[in-house]
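One structure is given below, encoded as structure tokens.
In what follows, every heavy atom counts, from backbone to side chain, and hydrogens, waters and symmetry copies are set aside. Residue numbers begin at 1 in each chain, while the letters A, B, ... track the order of the sequences.
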Protein chains: 2
Amino acid sequence: MTDVRVLLVDDHPVVRAGLRAMLTEFDGISIAAEAADGKAALNELSRLAMLGEGVDVVLMDLQMGAGMDGVAATAAIRKLAAPPPVLILTTYDTDADILSAVEAGASGYMLKDAPPEQIRQAVFAAAAGETVLAPRAAALLMKRITNPGTSLTPREVQLLELLATGLSNRAIAKQVFISEATVKTHLVHIYGKLGVDNRTAAIAAATRRRIIRPPGQAG
Amino acid sequence: MTDVRVLLVDDHPVVRAGLRAMLTEFDGISIAAEAADGKAALNELSRLAMLGEGVDVVLMDLQMGAGMDGVAATAAIRKLAAPPPVLILTTYDTDADILSAVEAGASGYMLKDAPPEQIRQAVFAAAAGETVLAPRAAALLMKRITNPGTSLTPREVQLLELLATGLSNRAIAKQVFISEATVKTHLVHIYGKLGVDNRTAAIAAATRRRIIRPPGQAG
DNA sequence: CGGAGGGTCAATCAAAAGGTTGACCCCGGG
DNA sequence: CCCGGGGTCAACCTTTTGATTGACCCTCCG
């Protein structure tokens with residue numbers, strides 16, 4: 001049986017070097033190519049396809065500073081003709097990260113602090129078409145299925161965004177042409193869903209779960 | 001001339017492997033040991049010292065999930081008898097990270113997305129007792145010197161960080177062992193310096209100016 | 001048709017945050 | 001030596017926020 005051919009996608013040269021060193025030490029795994037962002041990954045895939053060299057697993061970081069991010073890249077890869085499984089290997093295990101990765105079609109979700117042996121097993125499992133999830137990722141998905149009623153409505157997300165810009169309840173009310181009382185009602189719902197009890201904690205929680213962009217970030 | 005002996009401190013096996021692979025490829029650098037957190041780093045230093053094997057540079061990550069974090073570890077190392085220079089190699093370049101690292105006695109501050117050649121040069125520079133700073137870190141420190149009046153004090157930055165995690169004034173007070181009154185005093189100063197009038201706006205302003213990392217991001 | 005869920009608003013009370021003033025300590029530099 | 005900046009704390013008061021309850025109006029869907 002030939003090696004499992006892996007495409008590394010990570011914007012940090014250090015991390016790529018680490019994965020390369022780690023994975024090439026294992027029998028049965030070889031690095032087909034590397035890419036620093038999502039676009040480069042797609043380029044590599046098509047380049048390798050033209051050479052007749054398949055990729056068995058894409059090892060993808062979610063957080064990438066510039067260019068196409070991991071979620072977009074995963075979604076794009078899954079739209080290819082014969083898409084290889086995408087195994088997410090990232091630093092954070094937040095709800096939004098996990099959910100958006102799974103939604104985008106990832107075959108697995110592992111954390112970078114996992115021991116090498118676990119990463120090795122995950123690569124083989126993904127190559128074999130199996131799904132591999134870090135414990136927290138698995139737990140989250142279970143919880144989502146059993147208890148789907150906890151997601152924020154578009155309106156709540158909108159208020160959350162305004163909240164994060166530093167506006168007061170009154171200012172938010174004026175901004176969206178509702179009363180301050182209604183703003184309060186929404187905030188209570190938001191706090192409940194996020195499991196917090198004040199606005200700054202809501203911003204922190206929503207930012208961490210990538211429900212909203214970090215305050216003050218353009219876009 | 002013998003190799004520059006480096007102690008790697010990072011909680012991610014992948015990153016350690018990457019740095020090891022990257023650095024050992026350069027002439028004149030060898031890896032003395034590795035550690036997954038601050039405590040382990042101190043242990044390694046004392047172990048190597050007993051063997052008569054010095055360490056020329058400690059390459060330290062700031063963000064480490066469990067155990068002693070990078071700042072505490074740096075401070076602890078600088079208190080040793082013949083402390084090796086500590087070169088911070090981290091993901092973020094916020095004011096808070098930079099300032100606390102420099103205060104703790106770091107000899108340099110580099111970002112993980114720096115090209116390998118820059119990291120190599122930084123290691124040699126640190127080993128030679130020089131100070132190496134990423135552009136943003138250098139700019140921040142220059143600004144501190146030329147214009148200290150309008151910038152936040154370390155204490156204020158510290159409170160700002162806690163603020164951004166969603167803590168109440170009382171919770172912040174307990175966290176840093178001061179009274180709630182003092183927290184309020186600091187916040188008033190912070191609002192004045194940032195030109196805002198409430199805590200959420202302060203978080204937004206501080207995040208936008210990269211004084212603090214976005215709320216909820218690991219650190 | 002009749003809920004269910006989302007959005008709107010109000011009244012009320014309790015808690016937290018914000019603004020102001022004044023005070024004390026410590027340290028480093030003119 | 002004294003002054004200023006940073007850090008600490010207190011008392012007081014105003015404003016904002018949070019919690020609770022109850023209500024009305026939509027629209028979508030079984």
Within the structure, does a side-chain N or O atom of [X] lie under 4.0 Å from either OP1 or OP2 of [N]?
X        : N      : value
B:Thr182 : D:dG7  : no
B:Thr153 : D:dG7  : yes
A:Arg170 : D:dT15 : no
B:Asn198 : C:dG18 : no
B:Ser179 : D:dC9  : yes

Can you check the [X] [atom1] to [N] [atom2] distance for me, whole Å?
X        : N      : atom1 : atom2 : value
B:Lys193 : D:dG7  : NZ    : P     : 8 Å
A:Leu159 : D:dG18 : CG    : C1'   : 15 Å
B:Ile190 : D:dT8  : CD1   : P     : 11 Å
A:His186 : C:dG7  : NE2   : P     : 6 Å
A:Leu187 : C:dG6  : CG    : P     : 16 Å
B:His189 : D:dG6  : NE2   : C1'   : 9 Å
A:Gln158 : C:dG6  : CD    : P     : 16 Å
B:Leu152 : D:dG6  : CG    : C1'   : 13 Å

- Message: A side-chain contact here means heavy atoms from C-beta on lying under 4.5 Å apart; do B:Val176 and B:His186 qualify?
- Response: no
From the set [options], return the single nucleotide nearest to any side-chain atom of [X].
X        : options                : value
A:Val188 : D:dG7, C:dG7, D:dA19   : D:dA19
A:Ala181 : D:dA10, D:dG7, C:dA10  : C:dA10
A:Arg199 : C:dA17, D:dC9, D:dG18  : D:dG18
A:Asn169 : D:dG18, C:dG7, C:dC9   : D:dG18
B:Tyr191 : D:dA19, D:dT16, C:dG19 : C:dG19

- Query: Which residue lies toward the 5' end of DNA chain D, B:Lys184 or B:Glu180, if each is placed at its nearest nucleotide?
  - Reply: B:Glu180
- Please tell me which of B:Thr185 and A:Leu163 maps to the more 5' nucleotide of DNA chain D, matching each residue to the nucleotide holding its nearest heavy atom. B:Thr185
- For B:Ser179 and B:Thr182, does a side-chain donor sit closer than 3.5 Å to a side-chain acceptor? yes
- Between B:Leu45 and B:Ile77 the two heavy atoms that sit nearest each other are CD1-CG1, 3.8 Å
- Output for pair (B:Arg209 CZ, B:Ile212 CD1), nearest 0.5 Å, gives 11.5 Å
- To the nearest 0.5 Å, what is the distance between CZ (B:Arg199) and CG (B:Leu159)? 10.5 Å
